[in-house]
There are 2 protein chains.
Amino acid sequence: MANARRSGFRRLGVDLTDRSTIMQVMTPSADTQTRILESARELIHARSYADVGVTAICEHAGVNKGSFYHFFPSKRDLTIAVLDTYYLEMKEQLLDRAFSSDIPPLQRLERLAVLIYEFQKEVADRAGHILGCPFGNLAVELSTQDEPIRRKVAEIFARLRADIRQTLEEAVETGAVQGIDVGATAEAMLAYFEGVMLMAKTRNDPDVLRQLLPALAQIRIAHPGD
Amino acid sequence: MANARRSGFRRLGVDLTDRSTIMQVMTPSADTQTRILESARELIHARSYADVGVTAICEHAGVNKGSFYHFFPSKRDLTIAVLDTYYLEMKEQLLDRAFSSDIPPLQRLERLAVLIYEFQKEVADRAGHILGCPFGNLAVELSTQDEPIRRKVAEIFARLRADIRQTLEEAVETGAVQGIDVGATAEAMLAYFEGVMLMAKTRNDPDVLRQLLPALAQIRIAHPGD
DNA sequence: TTGATAGTTGACCGGTCGGTCAAGTTATTG
DNA sequence: CAATAACTTGACCGACCGGTCAACTATCAA
């Protein structure tokens, strides 16, 4: 997104002369931009890329179509920006919480499983449907059609894999596991996670997550030299 | 598909009076119907449900739009029929081959992994892209939008799970594994399979399959009483 | 041969798609 | 204050969407 724009204030229905309520980050335009982003985030996750038109995104954001194309050159570019916001949220809400060093590495993976379950359950209660993983959803729908979006998801998957891998490396250091290919195991765990989300979405049943997600921490791929 | 139609012959550029070339199954209309089905199968797997229009399916099948709606009440119904043909092909080409009893149960799962790799690799070479699992693709794209299609995929997944489960039960009987929840383990294996396909599609790299699929046979979910 | 049925044809429908644009308003800068 | 840049507005574009339809042809049984 490269948020080069700054300066300016943002009204939130409060007295602008009260300096304490000033939020420096968002200009009025960034506000519109943000509303478009959040609208798209919500709608695309709940439905699909193809099913959500630019018009619908604008209506839901309370913005005119012209404004949309003032901030985003295309629906594709918007989607790539949306993917970044998805990752940011996942990082803050799930990864950082699960992977803090207060418990042993493998237990952190189990905690991640619990957090994901709770998160998906909550979203499902709101949306009336299990929505699955926003990355996996877009990857499946668009990988064969839109190369930049495919690459973006692949990039995010690589980051997630790196996070899991680091946790696995700690597990190896502490002796909790041995003889595993940490890279391949991290990838396998990510794949398993995506598959479980897919199954839960298809069955539209959060219990699938409760039943299957804990096994995430038990997946192992042996070191090539074995 | 409930092929209630019969009778009539089919010309293949051969003399109709030659009784030996008669194919009783396909009427001229069933031929059109089949062409539509195969066209849709190909295009939807290679692209996506939303990206492939009825017009494109008809053009690729060499059929007029009116004929399409003579045989299928809607694009959705066509897709549900397509899902059945996908399953049939998977059953014949992969499941039946992998699960024959000439080798121990767990080895059959490993053989399935190899067959899937080879199949996907071949499709990818033709299409220029890893296309992933046709069931997973449609489930992810449409589960929140189209309930009948979601149910159809869920039904097929249930069949696949039952096939895997049966193999696992044999493995339990022969003592190759013990203390596992066969139902949950079968579901987990299916989920892992779907996840691996998703990753391979996203990375557009068949090596992902070679690296991750073999671990399918090692997934275990412990029996609830443990 | 006749009447019915099955299948085919392609023009046509209203609606939506992603995207454009010229004109207008608002905010910022010097 | 004037000039300029940032942003907003909504009408508009051609293309395509899933689906309909009335007219036509081929096939079939009696």
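Residue numbers start from 1 in every chain, and the chains themselves are labelled A, B, ... in the order their sequence lines are given, proteins ahead of strands.
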Compute both the distance and the angle, then confirm whether Lys75(A) meets the cation-pi test with Tyr49(A): under 6.0 Å from the six-membered ring centre, within 45 degrees of the axis. yes

Does Thr32(A) put a side-chain nitrogen or oxygen below 4.0 Å from OP1 or OP2 of dT8(D)?
-> yes

- Can you list the steps and then say if Glu147(B) with Arg151(B) is a salt bridge (Lys or Arg N to Asp or Glu O under 4.0 Å)? CA-CA 6 Å; Glu147(B) 185 64 12; Arg151(B) 260 200 296 268; 3.4 Å; yes

Using atom types as modelled and distance alone, determine if a side-chain donor or acceptor of Thr85(B) lies under 3.5 Å from a backbone N or O of Val82(B).
yes

note: Phe72(A), atom CZ; dC7(D), atom P; distance rounded to Å ~ 12 Å

task = Assess whether salt bridge (Lys or Arg N to Asp or Glu O under 4.0 Å) is satisfied between Glu187(A) and Arg203(B), documenting all intermediate values.
result = CA-CA 11 Å; Glu187(A) 179 100 337; Arg203(B) 301 245 310 256; 2.3 Å; yes

Whole-Å distance, Asn64(A) CG to dG24(C) P, equals 16 Å

Whole-Å distance, Asp31(B) CG to dA26(D) P, equals 17 Å

Worksheet item: So Arg159(B) and Asp163(B), salt bridge (Lys or Arg N to Asp or Glu O under 4.0 Å) or not? Walk me through it.
Response: CA-CA 6 Å; Arg159(B) 273 186 276 180; Asp163(B) 288 333; over 6 Å; no

Check the pair Arg35(B) / Asp31(B) against salt bridge (Lys or Arg N to Asp or Glu O under 4.0 Å), numbers first and verdict last.
CA-CA 6 Å; Arg35(B) 280 214 309 283; Asp31(B) 194 37; 3.3 Å; yes

From CZ of Phe71(A) across to C1' of dT9(D) the rounded distance in Å is 13 Å

Per-nt protein contacts along nucleotides 16-23 of chain C (heavy atom under 4.0 Å; B base, S backbone sugar-phosphate only, - none) come out as --BBBB--

To the nearest angstrom, the NE2-C1' distance between His70(B) and dA22(D) comes to 15 Å

